[in-house]
Amino acid sequence: MIADATMVRTDAGTTPHPSVTALRAVGLLGPTELLRAEPTDLSRAHGVWAVHLPDDRRVVVKSGAFTPPADGSTGSAQEGLGAELFVQRMARWCLPLQDAIPSPAAVDEEHGILVVEDLGAGHPASLALVSDTIGDEDAFFRLLGARVGAVHRATAGLPLPSARPPLVLHVLRTVERADSLGLALTTRDLIAFLRAQPALMAAAARLRTPAGRALVHHDLKWDNVAVAPGPSPVIVDWELAGAGDPAWDLGCLVAEHLLRGRSAAAGLPSTGRELVRGYGEAARISSRATGLFAERVALTAVLRLAQFALEVAERSEHGDEEQSHELAGLAIGHQDHLSALTEELRSCLAR
């Protein structure tokens, strides 16, 4: 056991580590119990730690109550964790959602604490793909598509709180001054470049008006898909979740497959086609709506690639200009082949 893992130093002396405080508050750690290892800090807007419990379970502890943002405002922290807690509450009655998310070890909405089994931190799909440990990738992604489609079908039309709009839809507005967004110079230059592409601007304008409404994750990427035993896909980090356009979730996953191919002319790899087939089988989109939905998914995938470019430019202090422009070029290339991508998606979605 690691005694130091239960304490952290402050100006007032030593206090329990916030993950330990949260675990004790929900009864997963006794007053004198120690952790098996130092908590791994995964925090962003609120406290997130990967923890090894005394009973050998590995869990992720999320708490908005003990680690507010550096600026002292708990708004964004509570908003993100609140979305995750809302998803956990929905999963109690929504079986497709229950199948798609990690099993909770403890949920305390009053104190803003969520503890789930640790799958995402140690077993993301991004790592599994690189290490070639998934096995039958086509089957894995078909099941992932089916789980996302089943969640969308089960939650379609429900009165849910709205999800926050994606970053790329916010910045691709001519009325929004890039220098007012607090972004790095490299990012502002990239925004100007993207805004100079009429097709991208038209796509963003079109997608600002949702064509459907269901529970969406809004940040689906390989790092947010865990590989559970089976292997089975489990979706983690629902901090941006809320009511939104289902095409955005599927388009985000399609964009990940387009990144693997790196060629706009090549279309989707087999894993991408299986993902979309699985989605179509579970979502059961009507034949009349399939073409429109496929087009919106294709537009979303293109804009998601543009968002990747923005994130890469902003991630580094000076920005990775070469990689960000490569991603922007990939987005424009797929926009130029949009009709072919839309038809491929429509074919895979058709039942």
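Heavy atoms only: backbone and side chains are in, while hydrogens, waters and symmetry mates are out.
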Stepwise side-chain contact (heavy atoms from CB on, under 4.5 Å) check, L215 with L158: CA-CA 8 Å; L215 178 69; L158 293 180; over 6 Å; no

Note: R304-D249 ion pair, threshold 4.0 Å (strictly below): no

Distance in Å, L305 CG paired with Q335 CD, rounded so as to fall on 0.5 Å steps: 10.5 Å

Intermediate values then yes/no, side-chain contact (heavy atoms from CB on, under 4.5 Å), S162 and R213: CA-CA 9 Å; S162 296; R213 188 175 174 88; 3.5 Å; yes

Full working for side-chain contact (heavy atoms from CB on, under 4.5 Å) between L259 and L330: CA-CA 8 Å; L259 273 176; L330 186 62; 3.9 Å; yes

D108 side-chain N/O to A25 backbone N/O, donor-acceptor pair under 3.5 Å: no

Closest approach of P102 to I235 (non-hydrogen atoms, all atoms of both residues): CD-O, 3.3 Å

Donor on one side chain, acceptor on other, R147 and S232, under 3.5 Å: yes

Salt-bridge contact R260-E137 (side-chain N to carboxylate O under 4.0 Å): yes

Expected output: side-chain R195 to main-chain M201 donor-acceptor under 3.5 Å: no

Flag side-chain contact, heavy atom, 4.5 Å: R142 against E281: yes

Any donor-acceptor pair under 3.5 Å from R273 side chain to L268 backbone: yes

Residue pair D55 / R57: nearest heavy atoms and the distance that separates them: OD2-NE, 2.9 Å

Atom pair CG (L349) and CD (E344), whose distance is rounded to the nearest 0.5 Å: 11.0 Å

From CA spacing to verdict: side-chain contact (heavy atoms from CB on, under 4.5 Å), L250, T300: CA-CA 8 Å; L250 184 56; T300 296; over 6 Å; no

Non-hydrogen side-chain atoms of L172 and L303 separated by less than 4.5 Å: yes

Aromatic ring pairing W222/F141, orientation class (parallel under 30°, perpendicular over 60°, tilted between): tilted

Heavy-atom pair of closest approach, residues V115 and V26: CG2-CG2, 4.3 Å

For the student: nearest non-hydrogen atoms of A163 and A241, plus distance: CB-C, 4.1 Å

Considering all heavy atoms, the nearest V151-P96 contact: CG2-O, 3.7 Å

Hydrophobic cluster membership, L81 vs L240, 4.5 Å side-chain cutoff: no

Main-chain N/O of S286 paired with T290 side-chain donor or acceptor, under 3.5 Å: yes

Hphob cluster co-occupancy, L292 + W248, side-chain heavy atoms under 4.5 angstrom: no

Rounded distance (nearest 0.5 Å) linking atom CG of D237 with atom CG of D223: 9.0 Å

Spacing of CD belonging to E84 relative to CD1 belonging to I101, to within rounding of 0.5 Å: 9.0 Å

Candidates T21, L35, L34, V51 - the one meeting side-chain contact (heavy atoms from CB on, under 4.5 Å) with L29: L35

pair L144-V148: side-chain heavy atoms closer than 4.5 Å: yes

Common cluster, L275/I285, ILVMFWY with side-chain heavy-atom separation under 4.5 Å: yes

Within-4.5 Å side-chain heavy-atom neighbours: V312 and L327: yes

S19 side-chain N/O to W49 backbone N/O, donor-acceptor pair under 3.5 Å: no

Side-chain (R208) to main-chain (P165) donor-acceptor, under 3.5 angstrom: no

L28 side chain reached by V61 side chain, heavy atoms, under 4.5 Å: no

Residues Q307 and E311: side-chain donor-acceptor under 3.5 angstrom: yes

Donor-acceptor contact present, side-chain H52 to main-chain E38, <3.5 Å: no

Side chains of M90 and L160 in contact at under 4.5 Å (non-hydrogen atoms): yes

Spatial distance of atom NE2 (H218) from atom SG (C252) [nearest 0.5 Å]: 7.5 Å

Residue pair Y279 / H152, side-chain heavy-atom distance below 4.5 Å: yes

Atom pair CG/CG of L341 and D336 - distance to nearest 0.5 Å: 12.0 Å

ILVMFWY network linking L253 to L143, side-chain heavy atoms under 4.5 angstrom: no

Short side-chain to backbone donor-acceptor contact, R346 and G291, under 3.5 Å: no

Nearest atoms (heavy-atom pairs only) where D245 meets A211: OD2-N, 3.3 Å

Heavy-atom check, side chain of F193 versus side chain of I332, under 4.5 Å: yes

L97-V216 co-clustered via ILVMFWY side chain contacts under 4.5 Å: no

